[in-house]
Protein chains: 2
Amino acid sequence: MENKANNKHIRPTESELEILTVLWERGASTVREVHEILEKQKEVGYTTTLKLMQIMHEKGLLQRDASARTHIYEAAVPREETQAQLLNKMIDTVFSGSASQLVMQALGGHRSSREEIDRIREYLNEIDKKQS
Amino acid sequence: MENKANNKHIRPTESELEILTVLWERGASTVREVHEILEKQKEVGYTTTLKLMQIMHEKGLLQRDASARTHIYEAAVPREETQAQLLNKMIDTVFSGSASQLVMQALGGHRSSREEIDRIREYLNEIDKKQS
DNA sequence: ATTTGATTACGAAGACATTCGTATAAAGGA
DNA sequence: TCCTTTATACGAATGTCTTCGTAATCAAAT
């Protein structure tokens, strides 16, 4: 037994997600590096960030190299999979299982740019091709 | 002062969302009616449902008619607005602000039906018309 | 060697969320 | 009237998230 979270349910909390996002974008990083980025977004103490990352490591959300004095952390869960996980939950609980409902709401509320809309159209076309 | 949650942030929790969904679909209901539906979805005690609904009332998520012995509860927050709220938060925290990213992820994972895709296409067209 | 600064480890407090037992009150039937 | 059922109210226990103070450890500088 090693990893507590090798099961399907990746459910990071709000704060954990912030840290994951930093690591997804930066790649392997120290606590200090992560903390310095978080500090720009909100007020938070260093040991808070540290503790969170330690807990995330216990949960299996992060992996770390502790061979050197300064540990190096890395996301242990893939970004897309995590996004999909959270999204599906939202589709179920908030949109009663209707993905299109969610999509329309997303497009409606979030003033989307012309570019974004075009990109989505292309994406729909691709799905069509694959399905036919 | 009356309503604690007349501000912008509608942030129901998981359980609260379940209750809101029931009320959005059924309309005004008693605790027992809500509870009976929740019971089908998960194991939960009656007083738990009651307590939750009372708390939600305090928070301003529900309004109630307490004139009769059996109180009648109703959602005090509109469904679409709540959905938008949660969705926008997710776009920000999980998808770094990109709605199209979220949309594609939603369409990709949740293998959507042809009908759904067509509906979304139409919707995109409507957005275009309004913007031009 | 001593001091200073950075890092991890530990523990605990505070805030919510969730759960439910128990008390109390009202309503309806026997 | 008295008993049973059904409601609400209240409080408390539990769990989780978040926060941070303090101690211990190590490295580097003086």
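Every chain is numbered from 1, with letters handed out A, B, ... down the list of sequences. Given the structure is predicted, the values throughout are model-derived calculations rather than measurements.
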Span of DNA chain D engaged by chain B, first through last nucleotide within the 4.0 Å heavy-atom cut-off, is D:dT6 to D:dG11
Kindly state which residues belonging to residues 18-34 of chain B come within less than 4.0 angstrom of DNA chain C, counting heavy atoms of the residue only, listed by number. none
note: A:Glu36, atom CD; C:dA6, atom C1'; distance rounded to Å ~ 12 Å
Report, one pair per line, the protein and nucleotides 1-4 of chain C atoms (nitrogen or oxygen only) whose separation is under 3.5 Å.
none

Of all residues at least two apart in sequence or in a different chain, which pass the side chain to side chain contact (heavy atoms under 4.5 Å, CB included) check with A:Glu122? none
Inspect the contact between A:Glu126 and A:Arg121 and indicate whether a charged nitrogen and a carboxylate oxygen are less than 4.0 angstrom apart. no
Point-to-point distance, once rounded to the nearest 0.5 Å, from OG1 of B:Thr82 to CG of B:Leu87: 12.0 Å
Determine whether a donor-acceptor pair (N or O, by modelled atom type, separation under 3.5 Å) exists between the side chain of A:Glu16 and the backbone of A:Thr13. yes
Protein-nucleotide distance (B:Gln54, atom CD; C:dA17, atom P), rounded to Å: 16 Å
If we ignore hydrogens and angles and just use 3.5 Å, is the side chain of A:Gln83 paired with the main-chain N or O of B:Val94 as donor and acceptor? yes
Say you draw a straight line from OG of A:Ser96 to CD1 of A:Ile91; how long is it, rounded to the nearest 0.5 Å? 11.5 Å
A:Thr47: which residues meet the side chain to side chain contact (heavy atoms under 4.5 Å, CB included) condition with it, sequence neighbours left out? none
So do A:Ile120 and A:Leu107 actually touch side chain to side chain, heavy atoms under 4.5 Å? yes
When all nucleic acid strands are considered with a 4.0 Å heavy-atom cut-off, which category describes A:Arg11: base, sugar-phosphate, or nothing? nothing
All side chain to side chain contact (heavy atoms under 4.5 Å, CB included) counterparts of B:Asp65, not counting sequence neighbours: B:Ser67, B:Ile72
Who pairs with B:Arg11 by side-chain hydrogen bond (donor to acceptor under 3.5 Å, both in side chains), at least two apart in sequence or on another chain? none
For a quick test of your reading: what N or O donor-acceptor pairs under 3.5 Å do the side chains of residues 26-44 of chain A make, sequence neighbours left out?
{"from": "A:Arg26", "atom 1": "NE", "to": "A:Ser29", "atom 2": "OG", "distance (Å)": "3.0"}
{"from": "A:Arg26", "atom 1": "NH2", "to": "A:Glu33", "atom 2": "OE1", "distance (Å)": "3.3"}
{"from": "A:Ser29", "atom 1": "OG", "to": "A:Gly27", "atom 2": "O", "distance (Å)": "2.7"}
{"from": "A:Thr30", "atom 1": "OG1", "to": "A:Arg32", "atom 2": "N", "distance (Å)": "3.4"}
{"from": "A:Thr30", "atom 1": "OG1", "to": "A:Glu33", "atom 2": "N", "distance (Å)": "3.1"}
{"from": "A:Thr30", "atom 1": "OG1", "to": "A:Glu33", "atom 2": "OE1", "distance (Å)": "3.4"}
{"from": "A:Glu33", "atom 1": "OE1", "to": "A:Thr30", "atom 2": "N", "distance (Å)": "2.8"}
{"from": "A:His35", "atom 1": "ND1", "to": "A:Thr49", "atom 2": "OG1", "distance (Å)": "2.9"}
{"from": "A:Lys42", "atom 1": "NZ", "to": "A:Glu18", "atom 2": "OE1", "distance (Å)": "3.0"}

A:Val103 and B:Tyr123: same hydrophobic cluster, using ILVMFWY side-chain contacts below 4.5 Å? yes
Got a sec, which residues hit side chain to side chain contact (heavy atoms under 4.5 Å, CB included) with A:Gln101, two or more places apart in sequence or on another chain? A:Phe95, A:Ser98
A:Arg79: salt bridge (charged side-chain N to carboxylate O under 4.0 Å, His left out) partners, not counting sequence neighbours: A:Glu25
The contact string for nucleotides 25-30 of chain C, one letter per nucleotide 5' to 3', using protein heavy atoms under 4.0 Å with B, S and - for base, sugar-phosphate only and none, comes out as BBS---
Whole angstrom is fine here: how far is it from NE2 in A:His35 over to C1' in C:dT7? 13 Å
Expected output: side-chain B:Trp24 to main-chain B:Val77 donor-acceptor under 3.5 Å: yes
Extract from the structure each pairing of a protein N or O with an N or O of nucleotides 18-20 of chain C at less than 3.5 Å, listing the distance.
{"from": "C:dT18", "atom 1": "OP1", "to": "B:Ser15", "atom 2": "OG", "distance (Å)": "3.3"}
{"from": "C:dT18", "atom 1": "OP2", "to": "B:Thr13", "atom 2": "OG1", "distance (Å)": "2.6"}
{"from": "C:dC20", "atom 1": "OP2", "to": "B:Gly45", "atom 2": "N", "distance (Å)": "3.1"}
{"from": "C:dC20", "atom 1": "OP2", "to": "B:Thr48", "atom 2": "OG1", "distance (Å)": "3.0"}

